[in-house]
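Encoded as structure tokens, the structure appears first; notes follow it.
Reckoned from all heavy atoms, side chains included, excluding hydrogens, waters and symmetry mates. Order of the sequence lines sets the chain letters (A, B, ...), proteins ahead of strands, with each chain counted from 1.
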2 protein chains.
Amino acid sequence: PAHIIVIGNEKGGSGKSTTAMHIVVSLLRDGYSVGTLDLDARQGTLTRYVNNRKRTVEAGENLPLSRHAFLQPSEAPVRAEAEAEDRERFEVVFCELLAACDFLVVDTPGSNTYLGRLAHSHANTLVTPLNDSYIDLDMLANVDSSGRDIVKLSVYSEMVFEQRKARMMRDRGAIDWVVMRNRLSNLNARNKQDIADVMTALARRIGFRIAPGFSERVIYRELFPRGLTMLDLLESGESASMSHLAARQEVRNLIEALNLPQRKP
Amino acid sequence: PAHIIVIGNEKGGSGKSTTAMHIVVSLLRDGYSVGTLDLDARQGTLTRYVNNRKRTVEAGENLPLSRHAFLQPSEAPVRAEAEAEDRERFEVVFCELLAACDFLVVDTPGSNTYLGRLAHSHANTLVTPLNDSYIDLDMLANVDSSGRDIVKLSVYSEMVFEQRKARMMRDRGAIDWVVMRNRLSNLNARNKQDIADVMTALARRIGFRIAPGFSERVIYRELFPRGLTMLDLLESGESASMSHLAARQEVRNLIEALNLPQRKP
Ligand SMILES: Nc1ncnc2c1ncn2[C@@H]1O[C@H](COP(=O)(O)OP(=O)(O)OP(=O)(O)O)[C@@H](O)[C@H]1O
Ligand SMILES: Nc1ncnc2c1ncn2[C@@H]1O[C@H](COP(=O)(O)OP(=O)(O)OP(=O)(O)O)[C@@H](O)[C@H]1O
Ligand SMILES: [Mg+2]
Ligand SMILES: [Mg+2]
């Protein structure tokens, strides 16, 4: 069955959909079959990215495509019914992709939803991107006014803890939780170091490991209308700027750090 | 009654809470009484920012504070009941702050919620920050693969349209919708221009105006643990770097562009 990679962070705009697409394209270009599941169907960023890619293929480009599905949250008027409906639809789509693909990449919303929590409880690998920022950090842990000491754990840490328990109870499975910084700049050495120090302490305390992340580069977002990533450009022989090559290396370093199981592509 | 400024954008991480706090502190430092209402109580970014500021005041700093309230969404099991509960709690808190303050700044979640929509329908001024990115733009309008032509309007534009109608029906009031770019960099001239062109066309088409926005600067986020903004630092005589002065000017330019009504501070 597919190895499941969930991209999660309750904090909005931390880079989940961007990270999801770059992991997807990297695996596709290595020859794997990849399923993509968008649980943020109202925003539908991943769905649009995949549809833009299809549009580019229909216009004549030869690009590998993922097998895509998305789930609209139930509109049932009673919460328990809506959750039951969400769960049923999730299981149908999830099982289908699980059987059909080498890897299944699930994009979750930047808010606390039943479908998002359900996906977390099914992850083999959980990838959490976050901005190099105390505001993003605040969803993992509250810090004191020096910005150096952890005062208490915060809502997203608690959610992951709950879903790790759910996973353990369902099938004794463990979730490999990998956190990466996103939109990093070369400047701001002091803020960067302060946050890195808190993250190192937090990693030990709540059980995640830290992977090399992505710098702030326009190449991570300017190809969205075409459904492309820099991996597609470079490997089709388009001219390569320094930033494109550096970005590709960042994506490769992340994939390497994820320690994904070997599959025959 | 207070002039109501709602900070809204369904897209996560566009800079709502950051923009909210900087507008709040600017108005406070000009001597106005400011109410703050956090409708994103689970994430609670604005609530934490305000509490961090209180903590700094309790430690001896002399800083103006907003009058703060936050609303947890109802947990009622039936959707219609939950919305009725949310509406009642909103009206109590809202009326109180409306009567007590010169300005009321409302921070909304980066997702589609009943409380968020309700706040939009009560706005005098709606401020929408967004990243200089096709991914953020996608919540206002879908564009074609060239990234230049608008294909159709998207979910957040539709939401604002609905809430403007609701406002018009309730009290014939109009919402001044101001959109600003956030986390701008000096690089990426082509992507920046392409997005600026789409925004100009969109502004005419859906009825918003564009205000000068904020650059990407660590000073917009590194003071979060202390509950401060660069306006507090500069005006207390702390040493001012070029970036701090430039950031303060960006905040002042935004406030100016908002065209807020004159109030006796
Ligand atoms: N490394 C990067 N370099 C440049 N821009 C980036 C990078 N990562 C993300 N972005 C931009 O930052 C914004 C947020 O990214 P993205 O939409 O992927 O986050 P998200 O966590 O999926 O957000 P949401 O919570 O709304 O689903 C987007 O405008 C995106 O284009
Ligand atoms: N102008 C800026 N310069 C530097 N960093 C910024 C700027 N604006 C926002 N940020 C950072 O970007 C991230 C998103 O900002 P913020 O939390 O204010 O957005 P939001 O729209 O309120 O997000 P959410 O949808 O999760 O409520 C945070 O880490 C914040 O510190
Ligand atoms: Mg997303
Ligand atoms: Mg916010």
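- A/Phe224 touches chain B through its side chain: at least one heavy atom from C-beta onward sits under 4.5 Å away, while N, CA, C and O do not.
- Looking only at atom types and distance, the side chain of B/Ser17 has a donor-acceptor partner in the side chain of B/Asp107 under 3.5 Å away.
- For the residue pair A/Arg79 and A/Tyr114, no side-chain donor N or O sits within less than 3.5 Å of a side-chain acceptor on the partner.
- Side-chain polar atoms of A/Thr229 and A/His22 form no donor-acceptor pair below 3.5 angstrom.
- Of the atoms belonging to A/Met21, not a single heavy atom falls under 4.5 Å from chain B.
- At a 4.5 Å heavy-atom cutoff, A/Arg217 makes no contact with chain B through either its backbone or its side chain.
- Neither the backbone nor the side chain of A/Lys192 comes within less than 4.5 Å of any heavy atom in chain B.
- For chain B, the nearby part of A/Asn131 is the side chain; its heavy atoms alone come within less than 4.5 Å.
- In this structure, chain B has a heavy atom under 4.5 Å from the backbone of A/Ala76, while its side chain stays farther away.
- In terms of heavy-atom pairs under 4.5 angstrom with chain A, the leader among B/Ser145, B/Gly13, B/Gly12 is B/Ser145.
- With sequence neighbours left out, B/Asn52 forms a side-chain hydrogen bond (donor to acceptor under 3.5 Å, both in side chains) with B/Arg55.
- Contacts with chain B (heavy atom to heavy atom, under 4.5 Å) involve these residues of residues 41-50 of chain A, listed by number: A/Arg42, A/Gln43, A/Thr45, A/Arg48.
- B/Ser215 and B/Glu250 share a side-chain donor-acceptor pair at under 3.5 Å.
- Between A/Lys16 and A/Glu10 there is no salt bridge, since none of the side-chain N atoms of the basic residue sits less than 4.0 Å from a carboxylate O of the acidic one.
- A distance-only check finds a donor-acceptor pair linking the side chain of B/Thr19 to the backbone of B/Gly15 [under 3.5 Å].
- Ranked by heavy-atom pairs under 4.5 Å with chain A, the list B/Arg190, B/Glu75, B/Glu216 is led by B/Glu75.
- Relative ring orientation between A/His120 and A/Tyr156 is described as perpendicular, the plane-to-plane angle rising above 60° on a 0-90° scale split at 30° and 60°.
- We find the OG-CZ distance between B/Ser14 and B/Arg181 to be 13.5 Å, quoted to the nearest 0.5 Å.
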